[in-house]
Amino acid sequence: MGVIDTLSFIGSLASIASLILSIKSKWFKKTWVNIVMYSFLLITSGSSGILFYLYKQSVNEQLQIENRKLIVKQEATNLLKSAPAYISYYEPGESEGLLYSTLSLLEKNKDLFPETYEVYKRDVIEKIESVNREDDISKKREKMEIAGNSALRLLKSLSQ
């Protein structure tokens, strides 16, 4: 908890306690009533403090996740800016580089996109192995062109 949160909590406790102590009646002259009232004060104040702390933790975790998603969006946008406007049949190396850079982005953030990362990783490995097994250069280039286009589509969806 931060300093402001702690001070707010202590201030709330003090105001509730002063309210109870300011009430002057016959009821508060009895000891058992005092015990019940102070117990009630302690339980409600403690539980409200705990609930506030848990709520704040939950909100902070959600904000961190949203901030990380914005960072991924920005990184995907930056990758798209450096990527070619279209995937060329004659530049299979560009496609391969795009595949690996997209995989690297997903791997770095696999806790945000676990399913996407696993599917894409298997797909990239399969495509690269398929290209490496191919003897015909035109089929290699065609497969890399298809793989590069799929990487571009994924980056576009991450950047939106």
Side-chain angles (χ1 to χ4, degrees), residues 1-17 19 39-160:
M1 257 203 276
V3 174
I4 293 176
D5 297 334
T6 305
L7 290 175
S8 298
F9 180 69
I10 291 171
S12 298
L13 284 178
S15 65
I16 292 170
L19 173 68
S39 298
F40 178 73
L41 169 69
L42 182 64
I43 291 170
T44 55
S45 300
S47 61
S48 68
I50 290 169
L51 290 174
F52 176 74
Y53 175 74
L54 293 174
Y55 168 76
K56 190 156 178 138
Q57 252 186 340
S58 171
V59 168
N60 285 342
E61 288 173 9
Q62 289 291 14
L63 287 174
Q64 287 174 352
I65 289 171
E66 291 303 317
N67 285 339
R68 286 193 54 216
K69 285 183 179 180
L70 286 174
I71 291 170
V72 169
K73 181 179 179 179
Q74 184 62 41
E75 288 177 3
T77 302
N78 289 341
L79 278 174
L80 280 172
K81 286 179 184 175
S82 66
Y86 64 93
I87 299 300
S88 173
Y89 171 82
Y90 298 103
E91 299 288 340
E94 281 184 349
S95 296
E96 190 173 359
L98 188 60
L99 288 172
Y100 287 132
S101 59
T102 306
L103 179 62
S104 174
L105 174 66
L106 285 174
E107 186 172 14
K108 188 168 71 171
N109 298 289
K110 62 183 167 188
D111 59 320
L112 292 176
F113 311 104
E115 296 89 14
T116 305
Y117 166 70
E118 288 300 324
V119 169
Y120 186 77
K121 179 181 173 183
R122 273 185 273 133
D123 190 45
V124 166
I125 291 170
E126 179 183 304
K127 286 177 180 175
I128 296 294
E129 287 176 349
S130 172
V131 166
N132 289 338
R133 286 190 303 265
E134 192 64 56
D135 291 331
D136 185 8
I137 190 72
S138 65
K139 288 192 180 197
K140 278 185 175 187
R141 287 181 173 183
E142 184 179 320
K143 287 181 179 183
M144 285 309 293
E145 182 181 17
I146 292 168
N149 279 320
S150 70
L152 270 179
R153 299 275 183 259
L154 179 61
L155 283 175
K156 285 178 183 177
S157 70
L158 286 175
S159 69
Q160 294 178 350

Item to check | Note, Ser101 side chain near Leu98 side chain (heavy atom, < 4.5 Å) | outcome: yes
List the atom pairs, donor and acceptor, that lie under 3.5 Å between side-chain atoms in residues 112-124 and the rest of the protein, sequence neighbours left out.
unit_1: Tyr120; atom_1: OH; unit_2: Leu99; atom_2: O; d: 3.4
unit_1: Asp123; atom_1: OD2; unit_2: Lys127; atom_2: NZ; d: 2.9

Checklist entry - Looking at residues at least two apart in the chain, or sitting in another chain, which of them share a side-chain hydrogen bond (donor to acceptor under 3.5 Å, both in side chains) with Asn67? => result none
Item to check | For Gln62, all residues meeting side-chain contact (heavy atoms from CB on, under 4.5 Å), sequence neighbours excluded | outcome: Ile65
Please list, one pair per line, the donor and acceptor atoms closer than 3.5 Å that link side chains of residues 151-158 to other protein atoms, with sequence neighbours excluded.
unit_1: Ser157; atom_1: OG; unit_2: Leu154; atom_2: O; d: 2.8

Item to check | Pairwise distance CD1(Ile125) to CG(Leu103) - rounded to 0.5 angstrom | outcome: 7.0 Å
Checklist entry - Tell me, which pairs form a side-chain hydrogen bond (donor to acceptor under 3.5 Å, both in side chains) where one or both residues lie in residues 70-80, sequence neighbours left out? => result Gln74-Asn78, Glu75-Lys108
Checklist entry - Going from NZ on Lys143 to OG on Ser95, what distance comes out if it is rounded to the nearest 0.5 angstrom? => result 14.0 Å
Item to check | Residues that Ile50 engages under side-chain contact (heavy atoms from CB on, under 4.5 Å), provided they are two or more places apart | outcome: Leu54
Checklist entry - So, the side chain of Ser130 versus the backbone of Glu126: is there a donor-acceptor pair under 3.5 Å, distance only? => result no
Next on the checklist: Quick one, Met144 with Ile128, criterion side chain to side chain contact (heavy atoms under 4.5 Å, CB included). Give me CA distance, side-chain angles, the key distance, then yes/no.
Outcome noted: CA-CA 8 Å; Met144 285 309 293; Ile128 296 294; 4.2 Å; yes
Item to check | With Asp136 via side-chain contact (heavy atoms from CB on, under 4.5 Å) - residues at least two apart | outcome: Glu134, Ser138, Lys139
Next on the checklist: Run the side-chain hydrogen bond (donor to acceptor under 3.5 Å, both in side chains) test against Ser159 and tell me which residues pass, sequence neighbours left out.
Outcome noted: none
Checklist outcome for this item: Glu145 meets the side-chain contact (heavy atoms from CB on, under 4.5 Å) criterion, sequence neighbours left out, with Ile87, Tyr89, Asn149
Checklist entry - How would you list, by chain and number, every residue that makes a salt bridge (charged side-chain N to carboxylate O under 4.0 Å, His left out) with Asp111, sequence neighbours excluded? => result Arg68
